[in-house]
Amino acid sequence: MSFESDSSLPAPRISDLARADARPADYLEGLNPEQRAAVEAIEGPVLVLAGAGTGKTRVLTTRLAHILASGRARPWELLAVTFTNKAAREMRERITHIIGPSAEGLRWLGTFHSIAAQILRRHAELVGLKSNYTILDTDDQERLLKQILEAENIDSKRWPAKMLAGLIDHWKNRGWRPDQLLPAENGAFANGKGQALYRLYQERLRILNACDFGDLLLHNITIFTSQPDVLAEYHNRFRYLLVDEYQDTNVAQYLWLRLLAQKSQNLCCVGDDDQSIYGWRGAEVDNILRFERDFPGAKVVRLERNYRSTSHILAAAAGLIATNKSRLGKTLWTEAEGGEKVIVRGVWDGEAESRLIADEVERAKRAGRAYRDIAILVRASFQMRAFEERFVLLQIPYVVIGGPRFFERAEIRDAIAYLRLIQSEDDDLAFERIVNTPKRGIGDTTVQKLLQIARLNGVPASHAARQIVLTDELPARTRTALANFLRDLDRWRGQAEHIHHARLMETVLEESGYTDALKLDKSPQAQGRLENLKELVQSMGGYDDLQAYLEHVSLVMDLERGPQADSVQIMTLHQAKGLEFPLVFLPGWEEGVFPSQRSMDEKGEKGLEEERRLAYVGITRARQEARISFAANRQVYGRWTSQLPSRFVDELPPANVEASSETGYYGGGPGMQQHGSRWDNDPDFGGGYSSPGWRRAQANQYRGTHPGRQAVIEGDGRLVAVSESSAASAYKRGDRVFHLKFGYGSVKGVEGNKLTVSFDKAGEKKVIDSFVEKA
DNA sequence: AAGTGTCTAATTTTT
DNA sequence: TTAGACACTT
């Protein structure tokens with residue numbers, strides 16, 4: 001072992017090392033042998049295969065603490081990378097807990113993107129950017145691409161900007177710059193224009209002094225490979241590298257890591273190949289599968305002792321994942337023998353499923369379980385609605401995790417756009433967004449004209465605007481409006497220098513008329529928007545300057561939430577990764593839904609394996625009870641479809657499962673032979689004849705007892721209860737109802753205690769006035 | 001420039 | 001079915 005010399009730093013003292021080696025510190029106590037091995041294997045490449053619930057975070061943090069406490073490196077010489085801000089935050093907190101305030105020196109602990117952004121700020125000019133570059137999000141990215149497509153006269157119906165954005169993202173994830181595209185890739189868009197468009201896009205980004213998420217990494221790679229001295233600087237800086245969730249890294253991230261680790265080789269990657277569920281976003285399971293070949297001499301440590309789940313749950317999950325071929329292989333074990341078997345149930349339809357689960361939630365609650373200990377994990381978000389409706393009806397408190405995130409809300413993006421434009425006049429995307437928000441009489445025609453002039457002269461749109469207000473090209477009214485807008489901008493820009501940006505934000509929102517416009521807005525969302533803006537201003541307080549805040553906004557798309565009320569958690573399987581709950585419901589295990597048909601169509605066997613890992617992630621979230629369910633009939637986009645139980649149901653080891661079915665159908669049976677259930681001949685599961693048509697008929701009969709849409713509204717327009725109607729679900733009890741939308745028809749107001757609903761479908765206007773009855 | 005009607009596509013989502 | 005994008009009025 002040798003320490004690289006770094007002139008700026010004194011070498012660690014030998015006495016510190018000796019002491020650390022002789023007597024293990026407190027923080028090592030309580031680790032099991034495999035965890036300890038993972039903590040102490042410090043030099044050289046290390047792969048820690050950390051199964052679900054094996055204490056990974058503890059190992060990660062202890063390892064960092066150990067490196068620091070043993071004097072091998074100082075906090076700022078460690079590079080620790082995570083995928084999410086949440087993970088980074090958690091790691092920092094836990095290290096602080098072990099080593100105290102010196103953890104603040106860990107300035108290179110963060111997400112791939114935030115660290116890459118920091119590095120890029122220091123060397124931006126090497127890739128043609130200024131150090132105050134803006135980071136565009138997906139929305140900006142798509143708008144920019146749309147403009148390019150329009151300029152290139154490409155039919156944006158046939159070749160949507162979204163698709164191109166996805167492709168460019170994919171290319172960047174693979175580490176390909178425009179000139180590095182393989183010919184085959186080029187053909188993927190607009191008959192071979194992909195590469196040219198990608199190049200145009202990159203040029204536009206450079207002019208806008210902006211980059212997208214993929215660029216952060218890619219520019220880093222460009223800098224490292226073209227400027228050996230810069231890379232050497234980071235080689236000296238980062239003595240030990242640590243990566244969390246290695247199974248989720250994409251090629252670009254892999255290349256970035258390999259470049260940074262290539263000298264010291266002190267790279268520790270922690271991950272679980274069985275929990276790789278982000279392939280569709282560019283993650284390469286191959287990275288983790290190949291680790292030992294990529295880094296010769298690597299140590300591999302397996303964490304296999306599970307502290308989370310009971311043995312039935314663990315065994316069920318293990319049996320399922322064993323079907324996958326591409327995996328490194330682990331055998332999780334636990335001392336918590338026994339417990340409940342995994343319950344698998346077949347029900348008639350989605351409604352029955354949500355009824356069943358809601359009933360069980362209530363039962364669990366009566367038995368003393370807190371709501372917050374219960375999670376419902378779905379494959380796709382459209383499955384959530386059924387549960388929400390049921391829970392609203394039964395007044396079971398719930399939270400839907402996810403949904404549009406704070407910084408993606410329109411009002412927040414508008415507010416931020418003002419700041420961006422104040423910060424950087426070149427930010428045409430921000431200009432375009434807010435030049436007429438709130439409405440100030442600068443219409444589409446005017447904006448297009450401005451953009452055209454801007455592009456023609458190669459200047460930012462705000463410059464073009466400045467020029468045009470001096471001429472009489474615009475109608476007088478529009479010209480005044482634009483001139484006022486520019487004048488306001490200048491004033492704010494002047495203020496930005498001497499007032500705090502939170503104060504500036506308030507001023508801008510007031511003076512631009514943004515808050516006034518919202519106050520006048522009678523729609524039910526307006527109030528919430530105003531509150532969001534208040535929250536925004538509040539959140540700005542913690543940042544030193546505008547630039548730091550804007551970077552935070554681009555890279556940290558979430559806002560820390562206060563402690564949640566006691567509610568059932570509804571979320572997707574993807575969102576559940578890293579979490580655990582005593583009781584987990586896993587609904588919708590039907591072929592085509594889960595595993596998702598689209599995954600299988602698009603990615604074949606690989607896609608199926610990823611779906612199976614998702615199922616594995618789902619089951620392993622459960623501490624004590626996991627309950628899987630599938631419906632024989634399900635409404636998908638309004639159409640009734642017969643469903644087959646997911647193949648994953650069949651793959652669960654029967655010994656760890658307790659199965660029943662109210663449909664009399666479970667797995668195979670005559671007419672379903674092709675399904676090949678393991679339980680085909682098991683009378684316990686009722687193998688009786690059940691054709692899809694027969695089951696559908698049963699379901700329809702059943703459904704007849706549950707009339708559809710009904711909303712109960714008080715005379716003053718407050719919603720008292722909603723039936724299982726989907727459209728009404730957007731409203732909560734107590735909301736004032738102004739406008740309810742039902743498909744093609746809409747409810748426009750309240751008269752007495754009745755709602756009038758007008759439908760306009762196929763040219764025919766109908767008025768239904770018995771839609772609502774008083775509670 | 002804002003309001004209304006029509007068409008169409010429809011996972012997972014972090015940064 | 002239904003949200004959202006877009007085209008077409010007013």
Side-chain angles (χ1 to χ4, degrees), chain A residues 81-88 110-117 135-138 141-142 146 156-157 160-162 166 169 172-173 211-217 245 248 250 252-253 277-283 377-385 401-405 407-408 436 439-447 475 477-478 481 551-558 571-578 588 592-603 607 610-611 613-614 617-618 635-640 708-709 725-727 729-730 741-746 760-763:
Chain A
V81 207
T82 63
F83 270 85
T84 63
N85 293 294
K86 194 173 153 213
T111 62
F112 273 102
H113 291 87
S114 73
I115 289 170
I135 302 168
L136 301 188
D137 62 22
T138 348
Q141 196 183 357
E142 267 166 38
K146 202 170 205 168
S156 62
K157 268 250 165 71
K162 235 189 174 75
D169 224 45
K172 288 184 174 174
N173 285 340
C211 67
D212 61 25
F213 289 124
D215 278 341
L216 293 172
L217 266 296
E245 307 279 15
D248 288 337
N250 60 36
Q253 287 158 338
I277 55 175
Y278 285 106
W280 50 275
R281 195 169 90 182
L377 310 182
V378 297
R379 174 62 182 80
S381 45
F382 72 81
Q383 297 170 276
M384 292 177 174
R385 199 156 65 188
I401 311 290
R405 285 185 303 285
F407 287 111
E408 283 170 5
N436 197 32
K439 305 254 183 301
R440 45 173 78 90
I442 303 168
D444 231 20
T445 333
T446 314
V447 175
R477 187 183 295 194
T478 316
E551 177 157 323
H552 166 82
V553 170
S554 323
L555 294 175
V556 185
M557 292 301 273
D558 61 345
M571 67 188 93
T572 65
L573 287 159
H574 284 92
Q575 288 162 334
K577 193 161 106 173
V593 175
F594 187 38
S596 138
Q597 193 57 51
R598 199 155 151 194
S599 271
M600 296 188 290
D601 289 349
E602 283 172 10
K603 294 262 189 109
E610 183 155 314
E611 295 287 305
R613 290 193 290 266
L614 208 43
V617 167
Q635 238 177 333
V636 183
Y637 304 130
R639 303 232 167 273
W640 279 95
R709 299 162 166 170
S725 136
S726 54
S729 71
K741 241 189 122 183
F742 285 98
Y744 281 93
S746 37
D760 179 17
K761 197 168 186 177

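Lettering of chains follows the sequences in order, A, B, ..., and the numbering in each one begins at 1.
One C1' atom belongs to C/dA5, the other to B/dT12, and the distance between them is 23 Å to the nearest Å. Distance noted for atom C1' between C/dA3 and B/dT14: 24 Å (whole Å).
As judged by a 4.0 angstrom heavy-atom cut-off over every strand, A/Q383 is placed among residues making no nucleic acid contact. At the heavy-atom level, A/T84 lies under 4.0 Å from the strands shown only through sugar-phosphate atoms. Using a 4.0 Å heavy-atom distance criterion, A/I115 is classed as making no nucleic acid contact. Across all strands, A/S381 comes closer than 4.0 Å only to sugar-phosphate atoms, never to a base (heavy-atom distances). Among the atoms of the strands shown, none is found under 4.0 Å from any heavy atom of A/E551.
Here the C1' atom of nucleotide B/dT14 and the CZ atom of A/F213 are 8 Å apart, to the nearest Å. Between A/E602 atom CD and B/dA10 atom C1' there is a gap of 13 Å when expressed in whole angstrom units. Atom CG of A/L216 is separated from atom P of B/dT15 by 13 Å (rounded to the nearest Å). In this structure, A/L614 atom CG and B/dT13 atom P are separated by 10 Å, rounded to whole Å. As rounded to whole Å, 12 Å separates atom P of B/dA2 from atom CZ of A/R440. In this structure, A/M600 places its CE atom 16 Å from P of B/dT12, rounding to the nearest Å. What separates CD of A/E245 from C1' of B/dT15 is a distance of 15 Å, to the nearest Å. Remark: C1' of C/dA3 and NZ of A/K162 are 12 Å apart, rounded to the nearest angstrom.
Among residues two or more places apart in sequence or in another chain, the side-chain hydrogen bond (donor to acceptor under 3.5 Å, both in side chains) test is passed with A/Q383 by none. With sequence neighbours left out, the salt bridge (Lys or Arg N to Asp or Glu O under 4.0 Å) criterion links A/K162 to A/E142. Taking the side-chain hydrogen bond (donor to acceptor under 3.5 Å, both in side chains) definition, one finds that A/S596 meets it with nothing, sequence neighbours left out. Remark: A/R281 engages no residue in a side-chain hydrogen bond (donor to acceptor under 3.5 Å, both in side chains) (not counting sequence neighbours). For A/F83, the ring pair (Phe, Tyr, Trp, His ring centres under 6.0 Å) criterion is met by A/F112, not counting sequence neighbours.
The side chain of A/N85 contributes no N or O atom lying less than 4.0 Å from OP1 or OP2 of B/dT14. Regarding contacts with the backbone of B/dT13, a side-chain N or O of A/Q575 is found under 4.0 angstrom from either OP1 or OP2.
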Give each protein N/O atom lying under 3.5 Å from an N/O atom of nucleotides 5-8 of chain C, with the pair distance.
{"from": "C/dC6", "atom 1": "OP1", "to": "A/K146", "atom 2": "NZ", "distance (Å)": "3.4"}
{"from": "C/dC6", "atom 1": "OP2", "to": "A/K146", "atom 2": "NZ", "distance (Å)": "3.4"}

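Donor-acceptor pairing under 3.5 Å, judged by distance alone, is absent between the side chain of A/R379 and the base of B/dT11. A/R281 contributes no side-chain N or O that forms a donor-acceptor pair with the base of B/dT13 under 3.5 Å.
Among the nucleotides B/dT11, B/dT13, B/dT15, the one closest to the side chain of A/A380 is B/dT11. The nucleotide whose nearest atom lies closest to any side-chain atom of A/Y278 is, among B/dA2, B/dT13, B/dT15, B/dT13. The side chain of A/T572 lies closest to B/dT13 when the candidates are B/dT13, B/dT11, B/dA2.
Each of A/K439 and A/G214 has a nearest nucleotide on DNA chain B; the 5'-most of these lies closest to A/K439.
A stacking contact links A/W280 to B/dT12: the aromatic ring centre lies within less than 5.5 Å of the base's six-membered ring centre, and the planes differ by less than 30°.
To the nearest 0.5 Å, the span separating OG1 on A/T82 from CD1 on A/I115 amounts to 7.5 Å.
At least one side-chain heavy atom of A/L217 sits under 4.5 Å from a side-chain heavy atom of A/Q253. With a 4.5 Å cut-off on side-chain heavy atoms, A/H574 and A/I277 count as touching.
Ring planes of A/F213 and A/H113: perpendicular class, angle over 60° (limits at 30 and 60°).
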